[in-house]
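Below is one structure, written out as structure tokens, with a few remarks after it.
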Amino acid sequence: MSDATGAPTLRGAAIGRTIGIGLMYGLWKPRVLGAWRVPAAGPVILAVNHSHNIDGPMLMGTAPRPVHFLIKKEAFVGPLDPFLHGIGQIEVDRRVVDRTAISHALGVLADGGVLGIFPEGTRGEGDFASLRAGLAYFAVRGGAPIVPVAVLGSTERRGRLIRGLPPLRSRVDVVFGDAFDASGGDGRRTRRALDEATLRIQAKLTAHLDSAKRLTGR
């Protein structure tokens, strides 16, 4: 749910987490590794790879804290519009500099909340090969550590009942990495500083994904 200004609320995200737990554990068998690495309090950004539509809901249902995701505007259609706003998610128009979405995301961090971001921008190979600068911007501007997250197994096989989803009761691994500071430590917020931060972030996320694959055998 949103407050009077339209900003997402922690209560809404908590409701979304409860729904996510029920759906994800009811339909599949998540194996969660390293959740203790997510800071128990204070602002944090969860940067997750994105290869399937269930990756976001899977993280919402397995993360140890309620998550506010930045979600593309196109997903807010029909009954999903009030539902996604109701569970504290943030609508973003990727075609423009969406100042409302930016304000809401920074507000989540300022309030000590958890912001979920797909740093690749769109669903793809889920290998962090192409990162957008938005993640670096929120990490540096919001003063929040980044926790890399790898969701593995969501695209390995297609379900028999619903071809677009993983087989029901199949295992999906969610691996949380060590939190890290994306800034250079000098307080700079210039375009060059953000570009440098993006490169550091990409190296960290790629290394975590490789480690998660070795750990899970996927």
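The structure displayed is predicted, hence computed values, not measured ones.
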Would a distance-only check, ignoring hydrogens and angles, find a side-chain to backbone donor-acceptor pair under 3.5 Å from [X] to [Y]?
{"X": "H208", "Y": "K204", "answer": "no"}
{"X": "D181", "Y": "S183", "answer": "yes"}
{"X": "D210", "Y": "A207", "answer": "no"}
{"X": "T198", "Y": "L194", "answer": "yes"}

Would a single hydrophobic cluster contain both [Y] and [X], if residues Ile, Leu, Val, Met, Phe, Trp and Tyr are joined by side-chain heavy-atom contacts under 4.5 Å?
{"X": "L135", "Y": "V97", "answer": "yes"}
{"X": "V174", "Y": "W36", "answer": "no"}
{"X": "F180", "Y": "L199", "answer": "no"}
{"X": "M60", "Y": "F83", "answer": "yes"}
{"X": "V151", "Y": "I19", "answer": "yes"}

Answer yes or no: is there a side-chain heavy-atom contact under 4.5 Å between [X] and [Y]?
{"X": "M58", "Y": "P30", "result": "yes"}
{"X": "H104", "Y": "E91", "result": "no"}
{"X": "I146", "Y": "F138", "result": "no"}
{"X": "V114", "Y": "V108", "result": "no"}
{"X": "P57", "Y": "L23", "result": "no"}
{"X": "Y137", "Y": "L106", "result": "yes"}
{"X": "L165", "Y": "W28", "result": "yes"}
{"X": "K73", "Y": "D98", "result": "no"}

So how far is it from [X] [atom1] to [Y] [atom2], rounded to the nearest 0.5 Å?
{"X": "H85", "Y": "I71", "atom1": "NE2", "atom2": "CD1", "value": "9.0 Å"}
{"X": "R17", "Y": "L10", "atom1": "CZ", "atom2": "CG", "value": "11.0 Å"}
{"X": "E74", "Y": "R95", "atom1": "CD", "atom2": "CZ", "value": "6.0 Å"}
{"X": "L152", "Y": "T216", "atom1": "CG", "atom2": "OG1", "value": "5.0 Å"}
{"X": "I87", "Y": "T9", "atom1": "CD1", "atom2": "OG1", "value": "11.0 Å"}
{"X": "L109", "Y": "L115", "atom1": "CG", "atom2": "CG", "value": "5.0 Å"}

Would the number of heavy atoms belonging to other residues, nucleotides or ligands and lying under 6.0 Å from CZ of R169 be above 12?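 Yes, because the 6.0 Å sphere around CZ of R169 holds more than 12 heavy atoms from other groups.
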Can you name the nearest heavy-atom pair linking [X] to [Y], along with the distance?
{"X": "A136", "Y": "A197", "result": "CB-CB, 3.9 Å"}
{"X": "A139", "Y": "A182", "result": "CB-CB, 4.1 Å"}
{"X": "H68", "Y": "Q89", "result": "C-OE1, 3.7 Å"}
{"X": "I21", "Y": "G61", "result": "CG1-O, 3.2 Å"}
{"X": "P119", "Y": "L205", "result": "CG-CD1, 3.9 Å"}
{"X": "P8", "Y": "I90", "result": "CG-CG1, 3.8 Å"}

Kindly indicate, with the supporting measurements, whether the criterion side-chain contact (heavy atoms from CB on, under 4.5 Å) is fulfilled by L59 and F176. CA-CA 10 Å; L59 181 58; F176 294 87; 3.7 Å; yes
Checking side-chain contact (heavy atoms from CB on, under 4.5 Å) for the pair V172/M24: CA distance, chi angles, key distance, verdict? CA-CA 10 Å; V172 177; M24 296 302 105; over 6 Å; no
Parallel, tilted or perpendicular: ring planes of H50 versus F118, cut at 30 and 60 degrees: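 Rings of H50 and F118: parallel, as their planes differ by under 30°.
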Residue pairs passing the salt bridge (Lys or Arg N to Asp or Glu O under 4.0 Å) test where at least one lies in residues 26-46, sequence neighbours excluded: R31-D173, R37-D178
